[in-house]
Amino acid sequence: MKAAEFLYERPASVAEALALLADEDRDATPLAGGQSLMPMMNFRLAQPGTLVDLSALEDLRGITLSDGMVRIGAMTRYVELVRSGVVADHAPLLAMALPHIAHAAVRNRGTIGGSVALADPAAEMPALLLALDAQITVQSAEGTTTHGATDFFLGMYETALEEGELVSEIAIPVAAPTDRFAFYELARRHGDYAMAGVAVARRDNAHRVAFFSISDRALRAFDAEEVLDKGGSVIDAVAALAELPYSGDLNAAIPTKKHLSGVVLTRALEAL
């Protein structure tokens, strides 16, 4: 398949990119790493009028520490996260999960901001940000807005992003020595989309449990979190997953997703 015709722009500044995205006559879409958008365009599932390539925007790239947060520019590639000492030392859950995100060729081009903006329900990053209580900053011509991850992912490929906005930064609280994290996913082949996956964070005996690839979005398991916060068993936590809004996909029907969610949570909690 070939993509439909489109215009291409490669702005040199964030302001120029935002002006292009705000131009209603262009029907513009931002291009980050392109690892999901380009296949979607080739299958004509996405047909933007103008593609706004963000690859020249150095202001949206980089990994820093400030105010107790690991701050990651939206255009930072997965391979840069893998190689980052800041991520390894201060965001261990992210470091733990990165080798499971797609294949090396995809990690070389894919960006964290692209994954966050797309909100693929089978992708690892939205669930990781939910478990880590991350903050997502978006920028428009009018200014910036920061969303908590729990309020950002709204549905299948649906986020709190509005027309003309860009994801500019993801901020993750720095991990304390007493914090504990676990990540587990089941995939037919390492690097493929998972059939079910979970990220778990325990901070000050408060748990955050976030699943991916079991519903139409990454989602927190609030009932299981409550069980674990009260010192409940793994069996009780798995039982508390019954009311999650499961969805089937090409890999598995809903009953299988329910079973696999219990399997991945059990294995993650055993490793916590």
Test: [X] and [Y] ion pair at under 4.0 Å:
| X | Y | result |
| --- | --- | --- |
| R203 | D133 | no |
| E58 | R61 | yes |
| R26 | E9 | yes |
| R220 | E225 | yes |

Flag if over 12 foreign heavy atoms under 6.0 Å of [atom1], [X]:
| X | atom1 | result |
| --- | --- | --- |
| R83 | CZ | no |
| H259 | NE2 | no |
| F222 | CZ | yes |

Please tell me if the side chains of [X] and [Y] come closer than 4.5 Å, counting only heavy atoms from C-beta onward.
| X | Y | value |
| --- | --- | --- |
| F181 | L94 | no |
| M69 | P173 | yes |
| T137 | T145 | no |
| F212 | L219 | no |
| D216 | Y246 | no |
| D223 | L241 | no |
| T146 | I136 | no |
| L166 | L21 | yes |

If you compare all heavy atoms of [X] against all heavy atoms of [Y], which two are closest, and at what distance to 0.1 Å?
| X | Y | value |
| --- | --- | --- |
| P121 | R217 | CB-N, 3.6 Å |
| E165 | S140 | CG-CB, 3.7 Å |
| V198 | A268 | CG1-CB, 3.8 Å |
| A127 | A199 | O-CB, 4.2 Å |
| L161 | A117 | CD1-CB, 3.8 Å |
| A46 | L37 | CB-CD1, 4.1 Å |

Using modelled atom types only, decide if a donor and an acceptor are shared between the side chain of [X] and the backbone of [Y] within a distance under 3.5 Å.
| X | Y | answer |
| --- | --- | --- |
| T266 | G262 | yes |
| D236 | A239 | no |
| D179 | A176 | yes |
| T76 | G73 | yes |
| H90 | G85 | no |
| D204 | A206 | no |
| K257 | N251 | no |
| S215 | S247 | no |
| R10 | L54 | no |

Please assess R107 against E80 for the test side-chain contact (heavy atoms from CB on, under 4.5 Å), listing each intermediate value before the final yes or no. CA-CA 9 Å; R107 292 196 293 271; E80 296 171 288; over 6 Å; no
Do [X] and [Y] sit in one hydrophobic cluster, given that two such residues count as connected whenever their side-chain heavy atoms are within less than 4.5 Å of each other, even indirectly?
| X | Y | result |
| --- | --- | --- |
| V14 | L20 | yes |
| L154 | F152 | no |
| I72 | L60 | no |
| I101 | V167 | yes |
| M195 | L265 | yes |

For [X] and [Y], does a side-chain donor sit closer than 3.5 Å to a side-chain acceptor?
| X | Y | result |
| --- | --- | --- |
| T111 | R77 | no |
| D120 | Y193 | yes |
| S55 | R109 | no |

Working to the nearest 0.5 Å, report the span between [atom1] of [X] and [atom2] of [Y].
| X | Y | atom1 | atom2 | value |
| --- | --- | --- | --- | --- |
| L186 | R267 | CG | CZ | 5.5 Å |
| T29 | F6 | OG1 | CZ | 10.5 Å |
| L118 | E158 | CG | CD | 12.5 Å |
| I172 | L93 | CD1 | CG | 8.5 Å |
| S261 | I254 | OG | CD1 | 11.5 Å |
| I170 | L132 | CD1 | CG | 12.0 Å |

Exercise for review: Using the side-chain contact (heavy atoms from CB on, under 4.5 Å) rule, take E185 and V264 through it: C-alpha gap first, then chi angles, then the decisive distance, then the call.
Suggested key: CA-CA 6 Å; E185 71 174 31; V264 296; 5.7 Å; no
Practice prompt. Give me the ring orientation class for F183 and H100: parallel if the planes are under 30° apart, tilted from 30 to 60°, perpendicular past 60°.
Written response: tilted
**OP:** Mind running side-chain contact (heavy atoms from CB on, under 4.5 Å) on L81 and I63 for me, showing each step along the way?
**Re:** CA-CA 8 Å; L81 296 172; I63 306 164; 3.8 Å; yes
List the steps, then state whether side-chain contact (heavy atoms from CB on, under 4.5 Å) holds for L272 with H207. CA-CA 11 Å; L272 195 64; H207 296 76; 4.3 Å; yes
